[in-house]
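Here the structure is laid out as C-alpha coordinates; the discussion comes afterwards.
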2 protein chains.
Amino acid sequence: MPDNAVTKRRGRPPAIGREDIIRAALSLLGPQRSVATLTLREVARAAGIAPNSFYRHFPDIDALAVCLIERAGSTLRRIIGDARRSLERPDSVVRMSMEIFIEQLDADDGFLPLLLREGHVGSDAFKQAVEAQLCHFEDELQQDLLRLSAAHGFVVDHPALAARAITRLVFVMGTQALDQPPAQRRQLVEQSVVMLRMIIDGAQRPQTQAATLP
Amino acid sequence: MPDNAVTKRRGRPPAIGREDIIRAALSLLGPQRSVATLTLREVARAAGIAPNSFYRHFPDIDALAVCLIERAGSTLRRIIGDARRSLERPDSVVRMSMEIFIEQLDADDGFLPLLLREGHVGSDAFKQAVEAQLCHFEDELQQDLLRLSAAHGFVVDHPALAARAITRLVFVMGTQALDQPPAQRRQLVEQSVVMLRMIIDGAQRPQTQAATLP
DNA sequence: CCTGTTTTTATACGCATGTATAATTAATCT
DNA sequence: AGATTAATTATACATGCGTATAAAAACAGG
(Lines give C-alpha, C1' and ligand atoms only; values in the text may rest on other atoms or scores of the structure.)
Protein backbone atom coordinates (compact mmCIF):
# COMPACT_ATOMS: atom_id res chain seq x y z
CA MET A 1 0.00 0.00 0.00
CA PRO A 2 1.53 3.27 -1.02
CA ASP A 3 1.32 6.24 1.29
CA ASN A 4 -1.73 5.65 3.40
CA ALA A 5 -3.30 8.72 4.93
CA VAL A 6 -2.96 7.33 8.46
CA THR A 7 0.56 6.13 7.87
CA LYS A 8 2.60 6.16 11.07
CA ARG A 9 5.65 8.27 10.46
CA ARG A 10 8.86 8.56 12.33
CA GLY A 11 9.38 12.09 13.56
CA ARG A 12 7.25 14.80 15.08
CA PRO A 13 3.80 14.76 13.51
CA PRO A 14 2.73 17.77 11.46
CA ALA A 15 0.71 20.19 13.51
CA ILE A 16 -1.15 21.23 10.39
CA GLY A 17 -1.94 20.01 6.90
CA ARG A 18 -2.14 21.44 3.42
CA GLU A 19 -5.88 21.75 3.89
CA ASP A 20 -5.53 23.97 6.92
CA ILE A 21 -3.23 26.30 5.04
CA ILE A 22 -5.64 26.42 2.13
CA ARG A 23 -8.45 27.25 4.52
CA ALA A 24 -6.38 29.98 6.11
CA ALA A 25 -5.59 31.44 2.70
CA LEU A 26 -9.24 31.38 1.68
CA SER A 27 -10.20 33.15 4.90
CA LEU A 28 -7.96 36.02 3.87
CA LEU A 29 -9.41 36.35 0.39
CA GLY A 30 -12.42 38.58 0.37
CA PRO A 31 -14.20 39.31 -2.92
CA GLN A 32 -11.80 42.22 -3.43
CA ARG A 33 -8.58 40.47 -2.64
CA SER A 34 -6.44 38.84 -5.32
CA VAL A 35 -4.56 35.62 -4.69
CA ALA A 36 -1.46 37.27 -6.08
CA THR A 37 -1.37 39.64 -3.12
CA LEU A 38 -1.15 36.88 -0.52
CA THR A 39 2.17 36.86 1.29
CA LEU A 40 3.81 33.91 2.90
CA ARG A 41 3.94 35.51 6.32
CA GLU A 42 0.33 36.56 6.13
CA VAL A 43 -0.89 33.08 5.31
CA ALA A 44 1.33 31.58 8.00
CA ARG A 45 -0.04 34.06 10.51
CA ALA A 46 -3.62 33.18 9.58
CA ALA A 47 -2.82 29.50 9.82
CA GLY A 48 -1.21 29.94 13.22
CA ILE A 49 2.19 28.64 12.25
CA ALA A 50 5.65 30.12 12.02
CA PRO A 51 6.55 31.58 8.62
CA ASN A 52 9.11 28.91 7.91
CA SER A 53 6.70 26.09 8.58
CA PHE A 54 4.92 27.05 5.41
CA TYR A 55 7.72 25.49 3.40
CA ARG A 56 6.96 22.07 4.85
CA HIS A 57 3.65 22.12 2.99
CA PHE A 58 4.27 24.15 -0.16
CA PRO A 59 7.49 24.85 -2.02
CA ASP A 60 6.56 28.53 -2.28
CA ILE A 61 3.64 30.88 -2.22
CA ASP A 62 3.00 30.46 -5.93
CA ALA A 63 2.36 26.77 -5.45
CA LEU A 64 -0.35 27.62 -2.96
CA ALA A 65 -1.87 30.10 -5.38
CA VAL A 66 -1.93 27.56 -8.18
CA CYS A 67 -3.52 25.08 -5.81
CA LEU A 68 -6.24 27.58 -4.92
CA ILE A 69 -6.89 28.38 -8.56
CA GLU A 70 -7.21 24.73 -9.47
CA ARG A 71 -9.55 24.07 -6.61
CA ALA A 72 -11.67 27.08 -7.47
CA GLY A 73 -11.80 26.08 -11.11
CA SER A 74 -12.82 22.49 -10.63
CA THR A 75 -15.41 23.36 -7.99
CA LEU A 76 -16.96 26.00 -10.19
CA ARG A 77 -16.93 23.81 -13.26
CA ARG A 78 -18.93 21.24 -11.40
CA ILE A 79 -21.44 23.80 -10.13
CA ILE A 80 -21.90 25.49 -13.47
CA GLY A 81 -21.87 22.27 -15.45
CA ASP A 82 -24.43 20.58 -13.20
CA ALA A 83 -26.69 23.59 -13.38
CA ARG A 84 -26.45 23.74 -17.14
CA ARG A 85 -27.20 20.07 -17.58
CA SER A 86 -30.17 20.24 -15.25
CA LEU A 87 -31.87 22.87 -17.33
CA GLU A 88 -34.38 21.27 -19.61
CA ARG A 89 -35.99 24.04 -21.61
CA PRO A 90 -33.31 25.06 -24.04
CA ASP A 91 -34.79 28.49 -24.64
CA SER A 92 -33.92 29.59 -21.15
CA VAL A 93 -30.59 27.86 -20.73
CA VAL A 94 -28.64 30.97 -21.59
CA ARG A 95 -30.34 33.24 -19.10
CA MET A 96 -30.38 30.65 -16.35
CA SER A 97 -26.74 29.77 -16.82
CA MET A 98 -25.75 33.39 -16.69
CA GLU A 99 -27.82 34.00 -13.58
CA ILE A 100 -26.33 31.02 -11.83
CA PHE A 101 -22.89 32.19 -12.78
CA ILE A 102 -23.47 35.64 -11.33
CA GLU A 103 -24.96 34.14 -8.19
CA GLN A 104 -21.66 32.42 -7.60
CA LEU A 105 -20.10 35.83 -7.09
CA ASP A 106 -21.66 35.83 -3.65
CA ALA A 107 -21.20 32.15 -2.82
CA ASP A 108 -19.65 31.42 0.53
CA ASP A 109 -16.63 29.64 -0.85
CA GLY A 110 -15.60 32.74 -2.78
CA PHE A 111 -14.19 30.62 -5.56
CA LEU A 112 -15.52 32.64 -8.47
CA PRO A 113 -14.15 35.98 -7.26
CA LEU A 114 -10.89 34.17 -6.62
CA LEU A 115 -10.75 33.09 -10.23
CA LEU A 116 -11.95 36.38 -11.66
CA ARG A 117 -9.53 38.60 -9.75
CA GLU A 118 -6.58 37.00 -11.49
CA GLY A 119 -6.71 38.73 -14.81
CA HIS A 120 -3.49 37.90 -16.47
CA VAL A 121 -0.99 39.13 -13.95
CA GLY A 122 1.44 37.35 -11.71
CA SER A 123 3.91 34.59 -12.30
CA ASP A 124 3.81 32.32 -15.31
CA ALA A 125 2.70 29.29 -13.32
CA PHE A 126 -0.06 31.51 -12.13
CA LYS A 127 -1.38 32.62 -15.45
CA GLN A 128 -1.09 29.15 -16.88
CA ALA A 129 -3.17 27.77 -14.03
CA VAL A 130 -5.96 30.27 -14.70
CA GLU A 131 -5.78 29.70 -18.42
CA ALA A 132 -5.97 25.95 -17.93
CA GLN A 133 -9.15 26.29 -15.92
CA LEU A 134 -10.71 28.49 -18.57
CA CYS A 135 -9.87 25.91 -21.21
CA HIS A 136 -11.59 23.26 -19.13
CA PHE A 137 -14.63 25.47 -18.92
CA GLU A 138 -14.57 25.80 -22.68
CA ASP A 139 -14.28 22.07 -23.23
CA GLU A 140 -17.25 21.29 -21.04
CA LEU A 141 -19.33 24.02 -22.58
CA GLN A 142 -18.52 22.72 -26.03
CA GLN A 143 -19.77 19.28 -25.04
CA ASP A 144 -23.01 20.76 -23.77
CA LEU A 145 -23.39 22.82 -26.91
CA LEU A 146 -23.05 19.70 -29.03
CA ARG A 147 -25.43 17.81 -26.79
CA LEU A 148 -28.04 20.54 -27.03
CA SER A 149 -27.65 20.94 -30.75
CA ALA A 150 -28.04 17.21 -31.31
CA ALA A 151 -31.07 17.01 -29.05
CA HIS A 152 -32.88 19.91 -30.68
CA GLY A 153 -31.75 19.47 -34.24
CA PHE A 154 -29.75 22.57 -35.02
CA VAL A 155 -26.19 22.99 -36.05
CA VAL A 156 -23.33 24.77 -34.35
CA ASP A 157 -20.77 25.73 -36.90
CA HIS A 158 -17.59 26.08 -34.87
CA PRO A 159 -18.50 24.56 -31.52
CA ALA A 160 -15.05 25.00 -30.00
CA LEU A 161 -14.87 28.64 -30.96
CA ALA A 162 -18.43 29.32 -29.96
CA ALA A 163 -17.66 27.80 -26.57
CA ARG A 164 -14.55 29.92 -26.30
CA ALA A 165 -16.32 33.14 -27.19
CA ILE A 166 -19.09 32.40 -24.72
CA THR A 167 -16.74 31.42 -21.92
CA ARG A 168 -14.47 34.41 -22.29
CA LEU A 169 -17.36 36.82 -22.54
CA VAL A 170 -19.06 35.37 -19.49
CA PHE A 171 -15.89 35.65 -17.44
CA VAL A 172 -15.26 39.21 -18.55
CA MET A 173 -18.77 40.25 -17.69
CA GLY A 174 -18.52 38.41 -14.40
CA THR A 175 -15.39 40.32 -13.57
CA GLN A 176 -17.20 43.53 -14.28
CA ALA A 177 -20.10 42.47 -12.08
CA LEU A 178 -17.68 41.85 -9.25
CA ASP A 179 -17.42 45.56 -8.53
CA GLN A 180 -21.08 46.33 -9.01
CA PRO A 181 -24.08 46.55 -6.67
CA PRO A 182 -26.97 44.09 -7.21
CA ALA A 183 -29.07 46.50 -9.25
CA GLN A 184 -26.38 47.01 -11.85
CA ARG A 185 -25.67 43.31 -11.82
CA ARG A 186 -29.20 42.56 -12.89
CA GLN A 187 -28.99 44.66 -15.99
CA LEU A 188 -25.52 43.32 -16.65
CA VAL A 189 -27.11 39.88 -16.76
CA GLU A 190 -29.69 41.13 -19.23
CA GLN A 191 -27.03 42.62 -21.45
CA SER A 192 -24.92 39.50 -21.22
CA VAL A 193 -27.84 37.32 -22.26
CA VAL A 194 -28.34 39.40 -25.38
CA MET A 195 -24.65 39.27 -26.21
CA LEU A 196 -24.46 35.53 -25.66
CA ARG A 197 -27.44 34.98 -27.90
CA MET A 198 -25.68 36.94 -30.59
CA ILE A 199 -22.83 34.46 -30.41
CA ILE A 200 -25.15 31.47 -30.39
CA ASP A 201 -27.21 32.83 -33.25
CA GLY A 202 -24.10 33.65 -35.21
CA ALA A 203 -22.72 30.18 -34.65
CA GLN A 204 -25.74 28.57 -36.16
CA ARG A 205 -25.07 29.42 -39.73
CA PRO A 206 -21.83 28.70 -41.54
CA GLN A 207 -19.67 31.71 -42.24
CA THR A 208 -18.74 32.83 -45.69
CA GLN A 209 -16.53 35.84 -45.79
CA ALA A 210 -18.96 37.66 -48.06
CA ALA A 211 -21.96 36.70 -46.01
CA THR A 212 -20.88 38.32 -42.80
CA LEU A 213 -21.55 41.81 -44.05
CA PRO A 214 -24.19 41.61 -46.79
CA MET B 1 -4.04 84.30 -20.21
CA PRO B 2 -4.35 81.61 -17.60
CA ASP B 3 -1.39 79.41 -16.78
CA ASN B 4 0.92 79.79 -19.71
CA ALA B 5 3.44 77.02 -20.21
CA VAL B 6 6.37 79.42 -20.03
CA THR B 7 4.97 81.25 -17.02
CA LYS B 8 7.70 82.71 -14.86
CA ARG B 9 7.36 81.30 -11.41
CA ARG B 10 8.87 82.39 -8.15
CA GLY B 11 11.06 79.72 -6.60
CA ARG B 12 13.47 77.14 -7.86
CA PRO B 13 12.37 75.79 -11.23
CA PRO B 14 11.36 72.14 -11.50
CA ALA B 15 14.24 70.00 -12.64
CA ILE B 16 11.80 67.64 -14.27
CA GLY B 17 8.22 67.55 -15.52
CA ARG B 18 5.32 65.15 -15.45
CA GLU B 19 6.29 64.07 -18.94
CA ASP B 20 9.75 62.99 -17.85
CA ILE B 21 8.30 60.90 -15.06
CA ILE B 22 5.84 59.33 -17.46
CA ARG B 23 8.67 58.52 -19.83
CA ALA B 24 10.68 56.99 -17.00
CA ALA B 25 7.71 54.87 -15.98
CA LEU B 26 7.14 53.69 -19.54
CA SER B 27 10.79 52.73 -19.84
CA LEU B 28 10.30 50.37 -16.91
CA LEU B 29 7.23 48.70 -18.36
CA GLY B 30 8.16 45.83 -20.61
CA PRO B 31 5.41 43.77 -22.24
CA GLN B 32 5.38 41.56 -19.16
CA ARG B 33 5.32 44.24 -16.53
CA SER B 34 2.08 45.54 -15.04
CA VAL B 35 1.62 49.18 -14.13
CA ALA B 36 0.37 48.06 -10.74
CA THR B 37 3.82 46.72 -9.87
CA LEU B 38 5.57 50.06 -10.33
CA THR B 39 6.88 51.46 -7.08
CA LEU B 40 7.45 55.08 -6.25
CA ARG B 41 11.13 54.61 -5.54
CA GLU B 42 11.67 52.67 -8.71
CA VAL B 43 10.10 55.32 -10.89
CA ALA B 44 11.99 58.05 -9.08
CA ARG B 45 15.22 56.14 -9.60
CA ALA B 46 14.53 55.76 -13.32
CA ALA B 47 13.68 59.44 -13.58
CA GLY B 48 16.86 60.42 -11.76
CA ILE B 49 15.17 62.21 -8.90
CA ALA B 50 14.94 61.67 -5.18
CA PRO B 51 11.97 59.55 -4.04
CA ASN B 52 10.27 62.48 -2.35
CA SER B 53 10.44 64.66 -5.42
CA PHE B 54 7.89 62.40 -7.00
CA TYR B 55 5.22 63.98 -4.82
CA ARG B 56 5.77 67.36 -6.44
CA HIS B 57 4.41 65.93 -9.70
CA PHE B 58 1.88 63.31 -8.67
CA PRO B 59 -0.10 62.93 -5.46
CA ASP B 60 0.75 59.23 -5.33
CA ILE B 61 1.78 56.33 -7.48
CA ASP B 62 -1.81 55.50 -8.37
CA ALA B 63 -2.26 58.88 -9.99
CA LEU B 64 0.67 58.12 -12.26
CA ALA B 65 -0.81 54.74 -13.13
CA VAL B 66 -4.16 56.29 -14.00
CA CYS B 67 -2.34 58.84 -16.12
CA LEU B 68 -0.53 56.09 -18.00
CA ILE B 69 -3.73 54.15 -18.55
CA GLU B 70 -5.53 57.18 -19.92
CA ARG B 71 -2.69 58.00 -22.24
CA ALA B 72 -2.47 54.41 -23.46
CA GLY B 73 -6.21 54.29 -23.99
CA SER B 74 -6.58 57.45 -25.97
CA THR B 75 -3.52 56.73 -28.11
CA LEU B 76 -4.76 53.27 -28.94
CA ARG B 77 -8.28 54.42 -29.64
CA ARG B 78 -6.93 56.79 -32.21
CA ILE B 79 -4.76 54.15 -33.85
CA ILE B 80 -7.46 51.51 -33.94
CA GLY B 81 -10.20 53.95 -34.91
CA ASP B 82 -8.20 55.46 -37.75
CA ALA B 83 -7.35 52.03 -39.07
CA ARG B 84 -10.95 50.90 -38.94
CA ARG B 85 -12.23 53.96 -40.71
CA SER B 86 -9.61 53.69 -43.41
CA LEU B 87 -10.73 50.21 -44.38
CA GLU B 88 -13.04 50.38 -47.33
CA ARG B 89 -14.06 46.84 -48.15
CA PRO B 90 -16.47 45.92 -45.40
CA ASP B 91 -15.97 42.20 -45.84
CA SER B 92 -12.42 42.40 -44.59
CA VAL B 93 -12.84 44.99 -41.87
CA VAL B 94 -13.07 42.39 -39.14
CA ARG B 95 -9.89 40.55 -40.05
CA MET B 96 -7.93 43.71 -40.73
CA SER B 97 -9.02 45.34 -37.51
CA MET B 98 -8.07 42.30 -35.52
CA GLU B 99 -4.70 42.07 -37.21
CA ILE B 100 -3.96 45.71 -36.56
CA PHE B 101 -4.95 45.26 -32.97
CA ILE B 102 -2.60 42.34 -32.51
CA GLU B 103 0.19 44.22 -34.24
CA GLN B 104 -0.07 46.83 -31.54
CA LEU B 105 1.14 44.24 -29.07
CA ASP B 106 4.64 44.80 -30.43
CA ALA B 107 4.40 48.54 -31.00
CA ASP B 108 7.25 50.58 -29.59
CA ASP B 109 5.12 52.63 -27.25
CA GLY B 110 3.95 49.49 -25.45
CA PHE B 111 0.57 51.02 -24.80
CA LEU B 112 -1.54 48.00 -25.61
CA PRO B 113 0.34 45.60 -23.32
CA LEU B 114 0.12 48.30 -20.67
CA LEU B 115 -3.64 48.32 -20.98
CA LEU B 116 -4.01 44.56 -21.25
CA ARG B 117 -1.88 43.70 -18.24
CA GLU B 118 -4.31 45.43 -15.93
CA GLY B 119 -7.01 42.86 -15.68
CA HIS B 120 -9.20 43.99 -12.91
CA VAL B 121 -6.74 44.22 -10.07
CA GLY B 122 -5.34 47.13 -8.17
CA SER B 123 -6.92 50.15 -6.60
CA ASP B 124 -10.38 51.38 -7.43
CA ALA B 125 -9.14 54.45 -9.27
CA PHE B 126 -7.10 52.03 -11.26
CA LYS B 127 -9.85 49.72 -12.32
CA GLN B 128 -12.16 52.60 -13.08
CA ALA B 129 -9.55 54.13 -15.36
CA VAL B 130 -9.22 50.90 -17.34
CA GLU B 131 -12.97 50.43 -17.47
CA ALA B 132 -13.45 53.99 -18.70
CA GLN B 133 -11.06 53.41 -21.57
CA LEU B 134 -12.86 50.21 -22.53
CA CYS B 135 -16.14 52.08 -22.56
CA HIS B 136 -14.66 54.67 -24.88
CA PHE B 137 -13.54 51.88 -27.16
CA GLU B 138 -17.06 50.54 -27.14
CA ASP B 139 -18.60 53.90 -27.96
CA GLU B 140 -16.36 54.46 -30.92
CA LEU B 141 -16.89 50.96 -32.20
CA GLN B 142 -20.62 51.41 -31.93
CA GLN B 143 -20.43 54.52 -34.08
CA ASP B 144 -18.47 52.67 -36.70
CA LEU B 145 -20.90 49.78 -36.61
CA LEU B 146 -23.79 52.15 -37.23
CA ARG B 147 -21.87 53.91 -39.98
CA LEU B 148 -21.08 50.63 -41.71
CA SER B 149 -24.59 49.30 -41.36
CA ALA B 150 -26.06 52.48 -42.80
CA ALA B 151 -23.60 52.50 -45.67
CA HIS B 152 -24.22 48.90 -46.65
CA GLY B 153 -27.86 48.57 -45.84
CA PHE B 154 -28.05 46.03 -43.06
CA VAL B 155 -29.31 46.30 -39.55
CA VAL B 156 -27.55 45.90 -36.24
CA ASP B 157 -30.02 44.97 -33.60
CA HIS B 158 -28.32 46.04 -30.39
CA PRO B 159 -25.42 48.15 -31.57
CA ALA B 160 -24.23 49.08 -28.09
CA LEU B 161 -24.21 45.51 -26.90
CA ALA B 162 -22.68 44.22 -30.11
CA ALA B 163 -19.92 46.77 -29.68
CA ARG B 164 -19.46 45.73 -26.09
CA ALA B 165 -19.27 42.03 -26.90
CA ILE B 166 -16.78 42.69 -29.68
CA THR B 167 -14.62 45.00 -27.61
CA ARG B 168 -14.43 42.73 -24.61
CA LEU B 169 -13.71 39.68 -26.71
CA VAL B 170 -10.98 41.44 -28.64
CA PHE B 171 -9.31 42.57 -25.45
CA VAL B 172 -9.51 39.16 -23.87
CA MET B 173 -8.01 37.52 -26.92
CA GLY B 174 -5.37 40.19 -27.09
CA THR B 175 -4.43 39.50 -23.51
CA GLN B 176 -4.06 35.85 -24.37
CA ALA B 177 -1.91 36.70 -27.38
CA LEU B 178 0.38 38.71 -25.14
CA ASP B 179 2.01 35.56 -23.82
CA GLN B 180 2.16 33.74 -27.14
CA PRO B 181 4.79 33.43 -29.87
CA PRO B 182 3.95 34.79 -33.33
CA ALA B 183 2.86 31.43 -34.75
CA GLN B 184 0.20 30.95 -32.11
CA ARG B 185 -0.82 34.54 -32.47
CA ARG B 186 -1.64 34.01 -36.11
CA GLN B 187 -4.09 31.24 -35.41
CA LEU B 188 -5.46 33.21 -32.49
CA VAL B 189 -6.29 35.94 -34.99
CA GLU B 190 -8.05 33.41 -37.18
CA GLN B 191 -10.07 32.11 -34.28
CA SER B 192 -10.92 35.61 -33.15
CA VAL B 193 -12.16 36.55 -36.60
CA VAL B 194 -14.54 33.60 -36.59
CA MET B 195 -15.80 34.47 -33.12
CA LEU B 196 -16.25 38.12 -33.97
CA ARG B 197 -18.22 37.21 -37.07
CA MET B 198 -20.48 35.10 -34.91
CA ILE B 199 -21.28 38.19 -32.89
CA ILE B 200 -21.79 40.34 -35.95
CA ASP B 201 -23.94 37.75 -37.63
CA GLY B 202 -25.95 37.24 -34.49
CA ALA B 203 -26.47 40.97 -34.12
CA GLN B 204 -28.02 41.24 -37.53
CA ARG B 205 -31.29 39.60 -36.75
CA PRO B 206 -33.56 40.63 -33.90
CA GLN B 207 -33.67 38.24 -30.98
CA THR B 208 -36.81 36.57 -29.82
CA GLN B 209 -36.37 34.36 -26.85
CA ALA B 210 -37.84 31.39 -28.67
CA ALA B 211 -35.87 32.03 -31.81
CA THR B 212 -32.44 31.76 -30.32
CA LEU B 213 -32.57 28.02 -30.02
CA PRO B 214 -34.94 26.72 -32.73
C1' DC C 1 15.82 5.50 28.34
C1' DC C 2 18.26 6.73 24.70
C1' DT C 3 18.74 7.60 19.74
C1' DG C 4 17.30 8.97 15.37
C1' DT C 5 13.97 11.43 12.63
C1' DT C 6 10.94 14.93 11.35
C1' DT C 7 8.39 19.06 12.17
C1' DT C 8 8.11 23.33 14.37
C1' DT C 9 9.86 27.40 16.17
C1' DA C 10 12.82 31.51 17.51
C1' DT C 11 15.94 34.60 16.10
C1' DA C 12 18.06 37.22 12.88
C1' DC C 13 19.76 39.26 8.50
C1' DG C 14 19.29 41.95 4.36
C1' DC C 15 16.40 44.32 1.49
C1' DA C 16 12.88 47.36 -0.37
C1' DT C 17 9.13 50.15 0.42
C1' DG C 18 6.36 54.65 1.63
C1' DT C 19 6.91 58.71 3.86
C1' DA C 20 8.19 62.34 7.52
C1' DT C 21 11.50 65.98 8.61
C1' DA C 22 14.72 69.34 7.92
C1' DA C 23 18.32 71.21 5.23
C1' DT C 24 19.89 72.77 0.59
C1' DT C 25 19.55 74.83 -3.79
C1' DA C 26 18.07 77.98 -7.41
C1' DA C 27 15.24 80.99 -9.06
C1' DT C 28 12.34 85.78 -8.57
C1' DC C 29 11.15 90.08 -6.26
C1' DT C 30 12.07 94.32 -3.61
C1' DA D 1 22.45 92.34 -1.95
C1' DG D 2 19.14 90.42 0.71
C1' DA D 3 14.61 88.39 1.34
C1' DT D 4 11.27 85.25 -0.40
C1' DT D 5 9.59 81.29 -2.50
C1' DA D 6 9.41 76.80 -4.37
C1' DA D 7 11.60 72.52 -5.75
C1' DT D 8 15.04 69.19 -4.61
C1' DT D 9 17.68 66.49 -1.67
C1' DA D 10 19.72 63.82 2.31
C1' DT D 11 18.77 61.40 6.17
C1' DA D 12 16.11 58.56 8.84
C1' DC D 13 12.32 55.72 10.65
C1' DA D 14 9.05 52.07 10.88
C1' DT D 15 7.12 48.31 8.41
C1' DG D 16 6.84 44.14 6.03
C1' DC D 17 8.84 40.80 3.29
C1' DG D 18 11.44 36.16 2.06
C1' DT D 19 14.44 33.19 3.95
C1' DA D 20 18.82 31.29 6.27
C1' DT D 21 20.32 29.10 10.49
C1' DA D 22 20.17 26.71 14.53
C1' DA D 23 17.74 25.22 18.52
C1' DA D 24 13.57 23.02 20.55
C1' DA D 25 9.77 19.73 20.49
C1' DA D 26 7.29 15.48 19.56
C1' DC D 27 7.10 11.21 17.96
C1' DA D 28 8.92 5.90 16.70
C1' DG D 29 12.21 2.20 17.15
C1' DG D 30 15.82 0.01 19.56
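Every chain is numbered from 1 and lettered A, B, ... according to where its sequence line falls, protein lines coming before strand lines.
- Contact footprint of chain A on DNA chain C: nucleotides with an atom under 4.0 Å from a non-hydrogen protein atom, first to last in 5' to 3' order, C:dG4 to C:dA12.
- Legend: side chain to side chain donor-acceptor pair (under 3.5 Å) pairs involving residues 41-53 of chain B, not counting sequence neighbours, sorted by first then second residue: B:Arg33-B:Glu42.
- Side-chain contact check for A:Phe101 versus A:Val189: every heavy-atom pair is 4.5 Å or farther apart.
- Atom-to-atom, CD1 of B:Ile16 to C1' of D:dA6 comes out at 16 Å; the value is rounded to the nearest Å.
- Contact check, B:Ser53 against D:dA7: no side-chain N or O comes under 4.0 Å of OP1 or OP2.
- Between A:Leu87 and A:Ser92 there is no side-chain heavy-atom pair separated by less than 4.5 Å.
- Screening residues 57-73 of chain B for side chain to side chain donor-acceptor pair (under 3.5 Å) gives B:Glu19-B:Arg71, B:Asp62-B:Ser123 as the qualifying pairs, with residues at least two apart or on separate chains.
- Atoms NE2 (B:His57) and C1' (D:dA7) sit 8 Å apart, rounded to a whole Å.
- Using a 4.0 Å cut-off between charged nitrogen and carboxylate oxygen, B:Arg185 and B:Asp106 count as a salt-bridge pair.
- Counting heavy atoms from C-beta outward, B:Arg168 and A:Gln176 have side chains that approach closer than 4.5 Å.
- Between A:Ile79 atom CD1 and A:Ser74 atom OG the span is 10.0 Å, to the nearest 0.5 Å.
- Contact check of residues 25-49 of chain B against DNA chain C (heavy atom, cut-off under 4.0 Å) returns B:Thr39, B:Leu40, B:Arg41, B:Arg45.
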Take nucleotides 21-30 of chain D nucleotide by nucleotide from the 5' end and write B, S or -, depending on whether a protein heavy atom sits under 4.0 Å from the base, only from the sugar-phosphate, or from neither.
B---BBBS--
B:Arg186/B:Glu190 under salt bridge (Lys or Arg N to Asp or Glu O under 4.0 Å): CA gap, chis, key distance, verdict:
CA-CA 7 Å; B:Arg186 270 191 292 277; B:Glu190 297 307 314; over 6 Å; no
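- By the side-chain hydrogen bond (donor to acceptor under 3.5 Å, both in side chains) test, A:Asp179 is found to be paired with A:Arg117, B:Lys127, residues two or more places apart in sequence or in another chain being considered.
- Counting heavy atoms from C-beta outward, B:Leu115 and B:Phe171 have side chains that approach closer than 4.5 Å.
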